[in-house]
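Computed from a predicted structure; not experimentally measured. Side chains included, hydrogens not; waters and symmetry mates left out as well; all remaining heavy atoms used.
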Amino acid sequence: MQFNEKTTLQEVMELSGVEDVLVKYNVPCLGCPMAKIEMQDLTIGQICSNYGIDQAGLLADLNAVAQKAQ
């Protein structure tokens, strides 16, 4: 799987090992009760935009995890 800005948080969370990457970038959605409800709609692009997260770096690290999983 190749992650991009339109990938949903739910799709990301289906891959084992991504939690460490999300924590590294301080993605607040992991502990947010609302995110658990909206996970299928929240995209990486929206999360990065809303919280000032380095989208390119986050996607690069997520895609590295995905590549190792293949």
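Between the Tyr25 side chain and the Gly57 main chain, a donor and an acceptor come within less than 3.5 Å of each other. Although no hydrogens or angles enter the test, the distance criterion places a donor-acceptor pair under 3.5 Å between the side chain of Asn63 and the main chain of Phe3.
Contact of the Val12 side chain with the Ile44 side chain is registered, since non-hydrogen atoms from C-beta on lie closer than 4.5 Å. Within the 4.5 Å cutoff, the side chain of Met1 has heavy atoms near those of the Glu11 side chain. Proximity of Ile53 to Asn26: side-chain heavy atoms (C-beta onward) are nowhere separated by under 4.5 Å. Inter-residue side-chain proximity for Met13 and Leu22 is flagged as met; some heavy-atom pair is nearer than 4.5 Å. The closest side-chain heavy-atom distance from Thr43 to Thr7 is not below 4.5 Å. Using a 4.5 Å heavy-atom cutoff, the side chains of Leu9 and Met39 are in contact.
Rounded to the nearest 0.5 Å, atoms CD1 (Ile47) and CD (Glu5) are 12.5 Å apart. For the atom pair CG of Leu62 and CD of Gln67, the computed distance is 13.0 Å after rounding to the nearest 0.5 Å.
The hydrophobic cluster containing Val27 does not contain Met34, counting ILVMFWY residues as joined when their side-chain heavy atoms lie under 4.5 angstrom apart, directly or transitively. Hydrophobic clustering, with ILVMFWY side chains joined whenever heavy atoms are under 4.5 angstrom apart, groups Val23 together with Val18.
Closest of all the heavy-atom pairs between Cys48 and Leu58 is SG-CD2, 3.7 Å. Between Leu15 and Ala66, the closest heavy-atom pair is CD2-CA, 3.5 Å. Nearest approach of Ser16 to Val65, heavy atoms of both residues: O-CG1, 3.8 Å.
Side-chain N/O atoms of Ser49 and Gln46 include no donor and acceptor closer than 3.5 Å.
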